[in-house]
Amino acid sequence: MSIKENINSVLNEIEECRNRNQAAQTVKLLAVSKTKPYEDILEAYQAGQRMFGESYAQEACAKIDRFESEGLRDIIWYFIGPLQSNKTRSVAERFDWVLSCDREKIARRLNDQRPQGMNPLNTCIQINISDEEQKSGIKEENILSLASVIAGLPNLKLRGLMGIALNTDDTEILKEEFLNLKRIFDDIKKKYPSVDTLSMGMTADMEPAIACGSNLVRIGTRIFGARNYKDK
Ligand SMILES: *Cc1c(COP(=O)(O)O)cnc(C)c1O
């Protein structure tokens with residue numbers, strides 16, 4: 001199957017999930033293109049896809065440069081990877097969104113490094129919903145304080161939450177984690193009117209994520225095929 005066919009099949013399944021679950025929310029598709037070459041992203045672009053997610057700042061900036069030099073400037077770039085302090089500048093300068101903000105220091109650096117004249121950087125807080133020690137993301141008890149910091153920073157716009165579920169086939173566990181994140185999202189949304197984005201669901205768990213209220217799924221493998229990290 002081509003990338004275009006894969007995108008169409010994902011879009012169809014999103015609609016089927018929504019119908020099955022009588023989900024009121026529209027669900028946007030973020031195509032996760034990390035480790036994938038420019039040509040693959042271009043194919044997705046030519047199929048109409050405009051939202052792309054990247055995890056490695058340096059690799060992403062090279063692709064963003066390439067699209068800009070080709071005059072293709074209507075892509076919305078999402079940074080979804082772990083954020084270290086030394087990576088914040090390129091994210092602040094080049095991206096439209098960051099989904100993986102999980103601490104105050106990173107939020108303040110992104111704010112300080114966002115160039116004047118650009119729109120505020122759309123920012124989601126990454127929450128550790130599966131409580132695995134090694135995974136990035138903030139703990140539930142610290143969300144409100146980070147949300148209030150981000151909401152107070154002029155060059156960031158608090159847009160919502162992102163979570164990665166446990167890597168499991170157990171739908172009950174997945175639903176429990178997703179519903180927990182949905183509950184926190186509803187709470188934050190009441191306090192901050194700019195909050196409208198709940199990003200849950202990847203290739204393996206898109207369906208339960210949509211059933212539980214996701215409105216932004218992040219799909220890589222199913223669109224672009226398996227990733228080969230050795231090529232990086
Ligand atoms: C890589 C990645 C994805 C895409 O995962 P697939 O299983 O390939 O769909 C989604 N979200 C995040 C944060 C990622 O790093």
Side-chain angles (χ1 to χ4, degrees), residues 1 3-14 17 27-37 40-41 43-44 47 49-61 63 76-84 87-88 90-91 95-103 106 110 121-132 134-138 159-171 173-174 177-178 181 185 197-232:
M1 292 239 286
I3 288 171
K4 180 182 179 161
E5 287 168 323
N6 291 340
I7 287 176
N8 287 334
S9 114
V10 172
L11 289 173
N12 284 336
E13 193 176 315
I14 289 174
C17 288
V27 180
K28 290 185 177 165
L29 170 60
L30 180 63
V32 175
S33 48
K34 64 186 184 211
T35 78
K36 297 296 174 181
D40 287 8
I41 308 177
E43 199 177 326
Q49 180 66 29
R50 290 295 180 273
M51 297 159 58
F52 292 94
E54 291 280 341
S55 298
Y56 310 103
Q58 205 179 353
E59 173 200 323
C61 287
K63 296 179 202 173
I76 307 171
W77 294 100
Y78 288 67
F79 190 82
I80 64 173
L83 263 168
Q84 287 101 30
K87 298 289 165 52
T88 51
S90 54
V91 172
F95 281 78
D96 305 293
W97 286 71
V98 54
L99 298 188
S100 47
C101 184
D102 63 359
R103 52 197 194 275
I106 294 293
L110 289 169
L121 181 62
N122 295 297
T123 304
C124 288
I125 297 173
Q126 181 175 355
I127 299 180
N128 187 337
I129 45 175
S130 67
D131 244 355
E132 288 168 286
Q134 73 278 13
K135 223 173 248 175
S136 25
I138 195 171
R159 294 299 295 268
L161 304 178
M162 187 269 269
I164 302 173
L166 189 69
N167 187 358
T168 173
D169 292 335
D170 187 332
T171 316
I173 294 177
L174 291 173
E177 291 182 359
F178 288 144
L181 190 53
F185 172 73
T197 301
L198 176 57
S199 180
M200 324 188 282
M202 306 170 30
T203 294
D205 56 17
M206 182 173 98
E207 152 128 56
I210 293 173
C212 295
S214 173
N215 59 25
L216 179 65
V217 292
R218 309 178 307 274
I219 308 296
T221 308
R222 191 158 155 204
I223 294 174
F224 297 108
R227 285 178 290 276
N228 187 348
Y229 288 95
K230 276 181 298 199
D231 286 351
K232 279 186 44 55

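Atoms within a ligand are numbered from 1 in the order they appear, just like the ligands themselves.
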Problem - Ring geometry between Phe95 and Phe79 (parallel below 30°, tilted from 30 to 60°, perpendicular above 60°) - result: perpendicular
Practice task
Classify the ring geometry between Tyr78 and Trp97 as parallel (under 30°), tilted (30 to 60°) or perpendicular (over 60°).
Solution key: parallel
Go ahead and list the nitrogen or oxygen contacts between ligand 1 and the protein that come in under 3.5 Å, distances to 0.1 Å, or just say none.
{"residue": "ligand 1", "atom": "8 (O)", "partner": "Thr221", "partner atom": "N", "Å": "2.8"}
{"residue": "ligand 1", "atom": "8 (O)", "partner": "Thr221", "partner atom": "OG1", "Å": "2.5"}
{"residue": "ligand 1", "atom": "8 (O)", "partner": "Arg227", "partner atom": "NH1", "Å": "2.8"}
{"residue": "ligand 1", "atom": "8 (O)", "partner": "Arg227", "partner atom": "NH2", "Å": "3.1"}
{"residue": "ligand 1", "atom": "9 (O)", "partner": "Thr203", "partner atom": "N", "Å": "3.0"}
{"residue": "ligand 1", "atom": "9 (O)", "partner": "Thr203", "partner atom": "OG1", "Å": "2.5"}
{"residue": "ligand 1", "atom": "9 (O)", "partner": "Gly220", "partner atom": "N", "Å": "2.8"}
{"residue": "ligand 1", "atom": "11 (N)", "partner": "Arg218", "partner atom": "NE", "Å": "2.8"}
{"residue": "ligand 1", "atom": "15 (O)", "partner": "Lys34", "partner atom": "NZ", "Å": "2.6"}

Problem - Residue that, paired with Val217, satisfies side chain to side chain contact (heavy atoms under 4.5 Å, CB included) out of Ile210, Thr203, Leu30 - result: Ile210
Practice task
Work out which heavy atom in Leu216 is nearest to a heavy atom in Met51; give both atom names and the distance.
Solution key: CD1-CE, 3.5 Å
Practice task
Taking all heavy atoms of Thr35 and all of Lys63, pick out the closest pair and write down the distance.
Solution key: N-NZ, 3.9 Å
Problem - Within-4.5 Å side-chain heavy-atom neighbours: Pro82 and Lys87 - result: no
